[in-house]
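Each remark here refers to the structure printed beneath this line.
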Amino acid sequence: MWLATVFLSFNAFAQDGQKDLDTPYVPTPQVVVDRMLELAQVKAGETVIDLGSGDGRIMIEAASKYGARGFGVEIDPRLVQRSNEAAARAGVAGRVKFLQQDLFKTDFHEANVLTLYLLPDVNLALRPKILAELKPGARVVSHDYGMGDWRPDAQETVSAPDKTVGVRKESQVYLWTVPARVEGEWTLELAADGKTRRMRRYQFLSGSVGVPGGKAVPLSDGKVHGNELQLALPAGVAGQEPVRLTGRVTGNSAGGTAGTANRSDGTWSARRGYSSR
């Protein structure tokens, strides 16, 4: 009966938005903490949010070593208290705090870096919120678990002799950069060789571009990294050679430079839903 009572009391702390998505506390080895923050390229003054913050080691390291600020979110009130006390001892309590609250009700908008050590189902459940709230260019780093079909920008195996779970004493570290939202129909203007060409039905990123005569041809090599964009137009769309476009996305506008294998003095601009057909 005593064991049953303890178990029920522990689960009473479950967060409202994730009653079926609780993650047990397992400390992240310090070597993995170090690599997660290195891979995220945390900078002084940036805001870091740690989900499933445990004993607070990731946030405290981000503040003390990198000069970052932010907060950790944890389900267990005892770990929240322990983490706040550790932050005070480390002299970073003015920049770091720990909260007992629902991950799914936590506001991510201000985060430059989001760190995670959660179970796979929790990562997937949080993914829409992460992509909707984080700014383009924000970095997401996860210990051991991915994000389904959102492929990471980097993935590393880290030797972790102090890891307390699993037979193999190693961890996976994943990094994603939040992309600008570029889905939809755009109008593209490409200026090169003294000519300006306008193309419609332009869909970022794995899509097609409509050329005069109504023919749609596929785009290739499309990639969004934060606000940075690159893709290629096939030969015949804007001349006899393939054209590579690189540039930046800002809301409903995008633009940058255009070039072929032989020259790179063109420019391009695009606007989502810019002109009628």
Side-chain angles (χ1 to χ4, degrees), residues 7-29 32-33 36-37 39-40 42 46-63 68-87 92-93 95-152 164-165 171-179 181:
F7 177 76
L8 291 173
S9 297
F10 176 79
N11 280 285
F13 295 123
Q15 301 169 12
D16 293 341
Q18 57 178 91
K19 288 185 173 65
D20 298 323
L21 294 173
D22 296 335
T23 300
Y25 169 56
V26 178
T28 300
V32 179
V33 172
M36 289 173 72
L37 296 174
L39 200 60
V42 176
E46 288 193 317
T47 297
V48 179
I49 298 176
D50 183 27
L51 302 183
S53 54
D55 62 6
R57 62 182 65 187
I58 291 179
M59 282 304 315
I60 292 171
E61 183 79 359
R69 61 178 61 249
F71 61 90
V73 178
E74 172 55 48
I75 190 174
D76 188 336
R78 295 163 296 183
L79 288 171
V80 171
Q81 180 179 352
R82 177 177 164 187
S83 299
N84 281 315
E85 292 170 353
V92 296
R95 286 183 281 133
V96 169
K97 61 183 177 180
F98 297 90
L99 309 170
Q100 183 197 355
Q101 65 184 39
D102 188 338
L103 300 179
F104 293 87
K105 295 178 181 177
T106 299
D107 188 342
F108 301 157
H109 284 90
E110 297 305 314
N112 302 106
V113 176
L114 190 70
T115 57
L116 316 169
Y117 188 15
L118 305 169
L119 293 175
D121 288 349
V122 186
N123 278 9
L124 289 177
L126 281 170
R127 186 177 70 178
K129 179 176 171 66
I130 290 170
L131 288 169
E133 292 190 11
L134 289 184
K135 298 179 290 289
R139 289 90 72 199
V140 180
V141 189
S142 176
H143 177 196
D144 266 349
Y145 303 112
M147 290 276 183
D149 58 4
W150 184 15
R151 293 178 296 180
T164 59
V165 295
S171 291
Q172 297 297 311
V173 177
Y174 300 85
L175 169 71
W176 298 264
T177 302
V178 175
R181 299 184 68 96

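In this structure, the ring-ring contact (aromatic ring centres under 6.0 Å, His included) partners of Tyr174, at least two apart in sequence or on a different chain, are Trp176. Checked against salt bridge (Lys or Arg N to Asp or Glu O under 4.0 Å), Glu61 has no partners two or more places apart in sequence or in another chain. Considering only residues two or more places apart in sequence or on other chains, Pro120 meets the side chain to side chain contact (heavy atoms under 4.5 Å, CB included) condition with Tyr145. Lys135 meets the salt bridge (Lys or Arg N to Asp or Glu O under 4.0 Å) test with no other residue; sequence neighbours excluded. Evaluation of the side-chain hydrogen bond (donor to acceptor under 3.5 Å, both in side chains) rule for Gln172 yields Gln155, Thr157 as partners, not counting sequence neighbours. Every side chain to side chain contact (heavy atoms under 4.5 Å, CB included) that Pro179 has, sequence neighbours left out, goes to Leu131, Trp150, Val224. Every residue was checked against the salt bridge (Lys or Arg N to Asp or Glu O under 4.0 Å) condition with Asp107, not counting sequence neighbours, and none meets it. Partners of Thr47 by side-chain hydrogen bond (donor to acceptor under 3.5 Å, both in side chains), not counting sequence neighbours: none found. Among residues two or more places apart in sequence or in another chain, the salt bridge (Lys or Arg N to Asp or Glu O under 4.0 Å) test is passed with Glu85 by none. For Arg82, the side chain to side chain contact (heavy atoms under 4.5 Å, CB included) criterion is met by Asp55, Leu79, not counting sequence neighbours. The side-chain hydrogen bond (donor to acceptor under 3.5 Å, both in side chains) test applied to Arg139 returns Glu46, not counting sequence neighbours. Residues satisfying the side-chain hydrogen bond (donor to acceptor under 3.5 Å, both in side chains) criterion with Ser53, sequence neighbours excluded, are absent altogether.
Once rounded to the nearest 0.5 Å, the distance linking CD1 of Ile58 with OG1 of Thr28 reads 4.5 Å. In this structure, the separation between OG on Ser142 and CG on Leu51 is 10.0 Å, given to the nearest 0.5 Å. Expressed to the nearest 0.5 Å, how far CE of Met59 lies from CG of Asn84 amounts to 11.0 Å.
Side chain of Asn123 to main chain of Met147: no donor-acceptor pair is present (N/O by atom type, distance under 3.5 Å, no hydrogens or angles). Side chain of Lys129 to backbone of Phe108: no donor-acceptor contact under 3.5 angstrom is found. Between the side chain of Ser83 and the main chain of Gly54, a donor-acceptor pair closer than 3.5 Å is present. Judged by distance alone, the side chain of Arg95 and the main-chain N or O of Ala68 form a donor-acceptor pair under 3.5 Å.
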Pair Leu118-Leu103, side chain to side chain contact (heavy atoms under 4.5 Å, CB included): steps then yes or no: CA-CA 11 Å; Leu118 305 169; Leu103 300 179; 4.0 Å; yes

Under the side chain to side chain contact (heavy atoms under 4.5 Å, CB included) criterion, do Phe98 and Ile60 qualify, and how do the steps go? CA-CA 10 Å; Phe98 297 90; Ile60 292 171; 4.1 Å; yes

CA sep, side-chain torsions, deciding dist, call: Val96, Phe71, side chain to side chain contact (heavy atoms under 4.5 Å, CB included): CA-CA 5 Å; Val96 169; Phe71 61 90; over 6 Å; no

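In the displayed structure, Arg127 atom CZ is contacted under 6.0 Å by more than 12 heavy atoms of other residues, nucleotides or ligands.
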